[in-house]
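Contents: one structure, followed by commentary.
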Amino acid sequence: MSVVRGTSLSNYPSLVAELGGDPASLLRAAGIRVSDIGNYDAFIPYRAAIQAIESAAQATATLDFGRRLAQRQGIEILGPVGVAARTAATVADALRIFGTYMAAYSPVIAIRVAPLSDPQRSFLTIEFLLDNPPPHPQTTELSLGVSHRVFRLLMGADYVPLKVHLPHDPLTPRADYLRYFGCTPEFASRAAGFTVRTADLGRPLRRDDVAHRAVVEYLNGITPQGAGIVESVRTIVRQLLPTGAATLDVVADQFNLHPKTLQRRLTEEDTTFAALVDQVRKDAAERYLRSTGISLTHLARELGYAEQSVLTRSCKRWFGTGPAAYRSRTRMPALARA
């Protein structure tokens, strides 16, 4: 179910109007009722929310629209998920709440914390579990901006992560991102998220065990079941592709399964490991070609290809044309350079 709560667009109408746009017209074009905006009990199709956000940036010629809207939102848009996080014992516990119960806010959004090769650093990633999504850099920046505000709520108003990772090229000068997030921006990243100090995850919060238990019990009753084997395999393949280790044996080992067992479980879900790898590569190629200027050699490496010629053949199979031609046809306009 690709939906998100109506609070995801909280304060959208006022911002659009201040920028000289017509919020009612933009929402109507996206198929969203004005009465659903800011309403936690209302669900909005996620693709419609993307359209509303991206079209507002274009209609008002505001290249940092997503970041501006994030300044008008906070943890309150998450409803009980936010309450459960705020009342947890530590920052790590709060992030686990997001990872476990974010589906109560939107089944499309996944938040995870992963260790890095340097044990003193961790990567917090924000993923959108949407098949063939339209270009959505403003929506991504909105999510990153709100996440940054949540960090500062949990860890103090002066908190800054080590890096912010954006899966597209800069929409405004690089210096704007440095001022906004207070840390080094990294563009054309494999995933959206933040590099943080692992030690910061252990920071204590103002825990409230009674409130926390009550909200978690409520969330257990309303949260859809977690991602199945297909989405879990996709997530691991995304991480492993650039390393060249996205093989059936390696991925099966991540689940403590025999490769044949994993294949059988995927077959039960009407897919195969090879089909999933190909789809992950196609989705990644489409995103990089549409929204970044990385070289084709770099892109081939990101997709786990040993040679650029393999990328060219794959693009012709996926898109009916080579990567350079596909990029020129679909490249997002007005991406600023630092």
Side-chain angles (χ1 to χ4, degrees), residues 1-19 21 23-57 60 62 64-88 94-111 124 126-130 133 136-154 192-193 211-212 214-216 218-224:
M1 186 170 59
S2 301
V3 295
V4 65
R5 298 278 183 173
T7 47
S8 63
L9 292 176
S10 290
N11 297 310
Y12 172 95
S14 60
L15 176 59
V16 172
E18 285 178 25
L19 295 170
S25 175
L26 292 170
L27 291 170
R28 188 165 53 249
I32 299 173
R33 296 181 301 182
V34 175
S35 60
D36 287 341
I37 302 303
N39 181 2
Y40 184 81
D41 293 325
F43 281 105
I44 295 171
Y46 203 83
R47 291 179 186 275
I50 289 175
Q51 180 180 336
I53 295 165
E54 305 299 326
S55 64
T60 63
T62 306
D64 62 343
F65 182 85
R67 279 171 273 151
R68 290 195 190 198
L69 184 56
Q71 290 178 320
R72 301 180 179 218
Q73 297 182 358
I75 199 170
E76 71 281 350
I77 70 170
L78 303 177
V81 180
V83 175
R86 292 184 67 169
T87 54
L95 293 176
R96 276 192 286 272
I97 289 293
F98 292 140
T100 304
Y101 298 108
M102 187 55 70
Y105 172 72
S106 173
V108 179
I109 302 174
I111 295 178
L124 187 149
I126 303 167
E127 292 189 79
F128 301 99
L129 311 177
L130 199 62
H136 54 281
Q138 299 290 347
T139 309
T140 298
E141 293 194 1
L142 169 61
S143 296
L144 289 169
V146 172
S147 298
H148 189 246
R149 288 173 60 82
V150 170
F151 281 159
R152 290 190 161 177
L153 174 71
L154 297 176
H212 185 74
V215 178
V216 167
Y218 168 74
L219 288 170
N220 281 331
I222 68 167
T223 305

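Counting only N and O atoms by type, the side chains of E76 and T7 include no donor and acceptor under 3.5 Å apart.
S8 and L142 get closest at one heavy-atom pair: O-CD2, 4.1 Å. Considering all non-hydrogen atoms of both residues, L154 and R86 come closest at CD2-CA, 4.4 Å. In terms of heavy atoms, A70 sits closest to V146 at CB-N, 3.6 Å.
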What's the verdict on side chain to side chain contact (heavy atoms under 4.5 Å, CB included) for N11 and S14, showing C-alpha distance, side-chain angles and the deciding distance? CA-CA 6 Å; N11 297 310; S14 60; 4.0 Å; yes
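Looking at R68 and L15, their side chains come closer than 4.5 Å, going by heavy atoms from C-beta outward. With contacts defined as side-chain heavy-atom distances shorter than 4.5 Å, the pair H212/V83 does not qualify. Contact check for L26 versus I32: no side-chain heavy atoms found under the 4.5 Å cut-off. For the pair Y46/P107, no side-chain contact is recorded, criterion being any heavy-atom separation below 4.5 Å from C-beta on.
For the side chain to side chain contact (heavy atoms under 4.5 Å, CB included) test with F98, the passing option among I109, I75, L124 is I75; the others fail.
Salt bridge annotation for R72-E18: present, with a cationic side-chain nitrogen under 4.0 angstrom from a carboxylate oxygen.
Ring geometry, F65 versus Y12: the interplanar angle exceeds 60°, so the pair is classed perpendicular (tilted spans 30 to 60°).
Both tests hold for R5 against Y40: distance to the six-membered ring centre under 6.0 Å, angle to the ring axis within 45°.
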